[in-house]
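Below is one structure, written out as structure tokens; comments come after it.
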Amino acid sequence: MFLWKKEFELGIGSIDDQHKMLLEIGNRINELLINHEEDDDNYDEIFTVIEELKDYTIYHFNTEEELFIKYKYPEYDEHKKEHDDFIAYIESVNLENIDDNQKMFLKELLGKIVQWVFKHIITTDFMYKDYLLKLGMK
Ligand SMILES: [Fe+2]
Ligand SMILES: [Fe+2]
């Protein structure tokens, strides 16, 4: 299970809520994978939630980018590039083609996604924290 830590908090409520939601979707996928038995046929369900994670990640990136534009954040381009590179990566993973060792593959994929997102939060997202807080964002 992926745990939320105080260190992940930016102090901007709407963004923190979205980051928590990403973790929550990650945990739902994790749960499905843990409970998955050899003969189960619930990959459709697992894929659906992975899609949900992708969609929510894109939605979250858009929220941040809209804020950057609104508040004229000077590091917009660099930040957006990280978002775009990550979207390109998750979109390059074609879940339809996964046959062998699905559970292990999906666990690894989920781990990679969650790791990337939280590294991004504590490094790149933290770079806009003070800028937006100073401008009155909460
Ligand atoms: Fe973020
Ligand atoms: Fe971000």
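As a basis for the values below, the full set of heavy atoms in this structure was taken, side chains included, without hydrogen atoms, waters or symmetry mates. Just follow the structure's listing: the first ligand is 1, and inside any ligand the first atom is 1.
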- Taking the N/O/S atoms of Asp125 one by one, which is nearest to the Fe ion (ligand 1)? OD2
- N, O or S atom within Glu64 nearest to the Fe ion (ligand 1), by name: OE2
- Hey, what's the ring geometry for His60 with His83, parallel, tilted or perpendicular (30° and 60° as the breaks)? tilted
- Query: Quick check: does His120 have an N/O/S atom under 2.8 Å of the Fe ion (ligand 1)?
  - Reply: no
- Query: Between Asp125 and Lys129, does at least one N-O distance fall below 4.0 Å, as a salt bridge requires?
  - Reply: no
- Note on the structure: Per residue His19, nearest N, O or S atom to the Fe ion (ligand 1) is named NE2
- Message: Between His79 and the Fe ion (ligand 2), is there a contact where an N/O/S atom of the residue lies under 2.8 Å from the metal?
- Response: yes
- Query: Hey, is there an N, O or S on Glu82 sitting under 2.8 Å from the Fe ion (ligand 2)?
  - Reply: no
- Electrostatic pair Lys81-Asp85, nearest N-O below 4.0 angstrom: yes
- Ion pair present between Glu91 and Lys54, side-chain N to carboxylate O less than 4.0 angstrom? no
- Query: Okay, side chain of Asn30, backbone of Gly26: is any donor-acceptor separation there less than 3.5 Å?
  - Reply: no
